[in-house]
There are 2 protein chains.
Amino acid sequence: MAADTPRRILDAAADEFAERGLAGARVDRIAERAGANKQRIYAYFGSKDQLFDRVVEDRIEQLLDAVPFDAVDLPGYAVRLWEFNLAHPSLVRLLLWHALERPGEQLAHSVSSHERKVAALRAVRGDDGWPADRLLGQVLALVHGVTLAPGPDPEHVRADLHGAVSRLVG
Amino acid sequence: MAADTPRRILDAAADEFAERGLAGARVDRIAERAGANKQRIYAYFGSKDQLFDRVVEDRIEQLLDAVPFDAVDLPGYAVRLWEFNLAHPSLVRLLLWHALERPGEQLAHSVSSHERKVAALRAVRGDDGWPADRLLGQVLALVHGVTLAPGPDPEHVRADLHGAVSRLVG
DNA sequence: AGTAGCCAACTAACTAGTTGGTTTGCCGTT
DNA sequence: AACGGCAAACCAACTAGTTAGTTGGCTACT
């Protein structure tokens, strides 16, 4: 029937893994959510573990495409990244599961993307003053932290985050 | 024999849960790590789920005792909290697992402790200027973020964290 | 006698992964 | 239009291993 079966499986698996993690997810449930049957999962992705890896890579790519880095406007970038996280809580959960259940495994996409960000930042700000990698680390730490400990009022959080990054940059 | 069997079980369970999470942990493995046998686990703690809750509560208490809040020296508090996290990575993992596998469940200890912190902060800084809860939120966000995305050099991270919180406070 | 503990086997349910047989739509050939 | 092959997909049962939780019988200390 539909030629998009692998896509449907990936999406269903993303939901299931985001909710329950790798160990808690059930292959039968993924098949049911995808409106497909189990053998298709094993035919396309081999195993539960491989499916998990594919899902995480797939979603990371979507994140990196959706929130382009802006070395000139770091506070704006931080806010946009936080907003994306706020709008896609299941992606945040998926990345946390990955960090916990695949300890020490770095994702190729995010590593190379990070290197590009540092280079762009250095090009804009020059080599003097704060090292670019440490500045970027502080900005991302703020975004991650704010994402994990969401304040009650998003408007305040947005303003606070923007202000905090502005102070870091200035 | 030893009357500290419940304690040994709690410690072994903390290790197992920190490594594998609730869904990934195995009761038999906990018993083996504790040098005890399974029935003692069920006799003392009832079920795997209840054991998980007890472990998390137990460790949260240890954290709150080990790192007392200091409303006067927020940068120092932030650094001490980060250092504790750095020295106890398994506790960080345990809390992340708890956040993921028990969504929406707040821990009574940490909620009341948080309220005490906000009150102490308000008492020191007065009601003018930045609201105490938002300031504390920013500080904790920084610590959490730095903990999750550890820079390569701890000395730099320490200095950056101290500086960032100082700028927030000032 | 009673309490805390150990050992080992057991149950009942669950789960990743497999297999056999069947259906459906597509595409080139006749 | 009719035919034959082919790949994607479905259904359902099955295997084999795992796992939370239980039970019964035994030991040791107090």
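The chains referred to below are lettered A, B, ... by the order of the sequence lines, with proteins before strands, and numbering in each begins at 1.
For His114(B) (side chain) and Ser110(B) (main-chain N/O), no donor-acceptor pair under 3.5 Å exists by modelled atom type. Judged purely by atom type and a 3.5 angstrom limit, Trp82(A) has no side-chain atom pairing as donor or acceptor with the backbone of Thr147(A). When atom types are taken as modelled, the side chain of Arg93(B) and the backbone of Ala18(B) share a donor-acceptor pair closer than 3.5 angstrom.
Comparing dC7(C), dA16(C), dC10(D) against the side chain of Arg8(A) picks out dC10(D) as the nearest. Of the candidate nucleotides dA20(D), dG17(C), dG5(C), dA20(D) has the atom lying nearest to any side-chain atom of Lys38(B).
Proximity of Arg26(B) to the phosphate of dA20(D): a side-chain N or O atom is located under 4.0 Å from OP1 or OP2. Phosphate contact (OP1/OP2 of dG5(C), side-chain N/O of Tyr44(B), threshold under 4.0 Å): present. In terms of phosphate contacts, Thr5(B) brings a side-chain nitrogen or oxygen within less than 4.0 Å of OP1 or OP2 of dG5(C). A sub-4.0 Å separation between OP1 or OP2 of dA4(C) and a side-chain N or O of Arg40(B) is absent.
Per the geometry, OH belonging to Tyr42(B) stands 4 Å off P belonging to dG21(D), to the nearest Å. In this structure, CD of Glu32(A) is placed 13 Å from P of dT15(C), rounded to the nearest angstrom. As rounded to whole Å, 13 Å separates atom P of dG21(D) from atom CD of Gln39(B). As a whole-Å value, the separation of Ile41(A) CD1 from dA9(D) C1' is 13 Å. Here dG17(C) presents its P atom at 14 Å from CZ of Phe52(A), a figure rounded to the nearest Å. One interatomic measurement links the two molecules: NZ of Lys48(A) to P of dT15(C), which rounds to 9 Å at whole-angstrom precision. Separating the CD1 atom of Ile30(A) from the P atom of dT15(C) is a distance of 12 Å, rounded to the nearest angstrom. Atom-to-atom, CZ of Arg20(B) to P of dA20(D) comes out at 12 Å; the value is rounded to the nearest Å.
The minimum heavy-atom distance between Leu51(B) and Ala13(B), with the atom names listed, is CD2-CB, 3.8 Å.
Within 4.0 Å (heavy atoms only), Ala25(B) reaches sugar-phosphate atoms of the nucleic acid but no base atom. Nucleic acid contact class of Gly46(B) (heavy atoms, under 4.0 Å, all strands): none. Within 4.0 Å (heavy atoms only), Ala36(A) reaches sugar-phosphate atoms of the nucleic acid but no base atom.
In this structure, Glu32(A) does not pair ionically with Arg29(A), as no charged nitrogen and carboxylate oxygen lie closer than 4.0 Å.
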